[in-house]
Amino acid sequence: MRIDEYRIMWVLVFFDLPTETAAERKAYADFRKKLMKDGFEMFQFSIYLRHCMSQENADVHTKRVKSFLPPRGKVGILRITDKQFGMMEIFYEAKPRAVKAPPQQLEFF
């Protein structure tokens, strides 16, 4: 058992935003762009995720997402450990797919 699996975090952002008016579509696009600018990757259309090397780093990105929440719609933020993320089962067209590996972290000592 690696202790890092319990320290390394994944932040997942789930959202359901209205897109009926031009202003709502702009708020949706701005929110999505800010997520990607902060290092989040699209997992599904309304689910973005980000790998964080520590709980403190996950706190920073969670706080940042809270700072640019759109005025309307529903947004959920979930933090899970790398161990929990690794237990996720993913299927594509009823065939299992490997869970994405976390990015490599360089260690100098």
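Excluded from the calculations below are hydrogen atoms, water molecules and symmetry mates; all remaining heavy atoms, backbone and side chain alike, are included.
- Looking only at distances, a side-chain donor or acceptor of Arg50 sits under 3.5 Å from a matching main-chain atom of Asp38.
- Under the 4.5 Å side-chain heavy-atom criterion for ILVMFWY residues, a single connected hydrophobic cluster contains both Leu69 and Leu17.
- Residues Lys63 and Asp59 have side chains not in contact (no heavy-atom distance under 4.5 Å, counting atoms from C-beta outward).
- Across Pro18 and Gly73, no two heavy atoms sit closer than the pair CD-CA, 3.6 Å.
- Between Lys34 and Asp30 there is no salt bridge, since no side-chain N of the basic residue sits under 4.0 Å from a carboxylate O of the acidic one.
- The neighbour count for Phe91 CZ, taken as heavy atoms of other residues, nucleotides or ligands under 6.0 Å away, is above 12.
- Both Phe40 and Met42 are members of a single hydrophobic cluster when ILVMFWY side chains are connected at heavy-atom separations under 4.5 Å.
- Across every non-hydrogen atom of Ile8 and Cys52, the tightest pair is CG2-O, 3.4 Å.
- In this structure, Phe15 has its ring center closer than 6.0 angstrom to the ring center of Tyr48.
- In this structure, Val60 is not a member of the same hydrophobic cluster as Ile77, with clusters built from ILVMFWY side-chain heavy atoms closer than 4.5 Å.
- At least one side-chain heavy atom of Leu35 sits less than 4.5 Å from a side-chain heavy atom of Val65.
- Using bins of under 30°, 30° to 60° and over 60° for the plane-to-plane angle, the ring pair Trp10/His51 lands in the perpendicular bin.
- When all heavy atoms of Met9 and Ala58 are compared, the pair lying nearest together is CB-CB, 3.9 Å.
- In terms of hydrophobic clustering, with Ile, Leu, Val, Met, Phe, Trp and Tyr side chains grouped at heavy-atom distances under 4.5 Å, Met36 and Ile47 are assigned to different clusters.
- Side-chain contact between Asp16 and Ser46 is absent, with no heavy-atom pair separated by less than 4.5 Å.
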Exercise. Taking it one step at a time, do Leu12 and Phe43 satisfy side chain to side chain contact (heavy atoms under 4.5 Å, CB included)?
Worked result: CA-CA 9 Å; Leu12 289 88; Phe43 182 71; 5.7 Å; no

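- Among all heavy-atom pairs drawn from Thr19 and Arg25, the shortest one is O-NH1, 3.2 Å.
- Transitive grouping of hydrophobic side chains (ILVMFWY, heavy atoms separated by less than 4.5 Å) brings Ile80 and Phe14 into a common cluster.
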Exercise. Hey, mind stepping through Glu24 and Arg72 against salt bridge (Lys or Arg N to Asp or Glu O under 4.0 Å) and telling me if it holds?
Worked result: CA-CA 8 Å; Glu24 290 171 343; Arg72 300 189 63 215; 2.2 Å; yes

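- Rounding to the nearest 0.5 Å places CZ of Arg7 at 9.5 Å from CD of Glu56.
- Expressed to the nearest 0.5 Å, how far CZ of Arg32 lies from CZ of Phe45 amounts to 9.0 Å.
- Atoms CE and CZ, on Met88 and Phe85 in that order, are 4.0 Å from each other to the nearest 0.5 Å.
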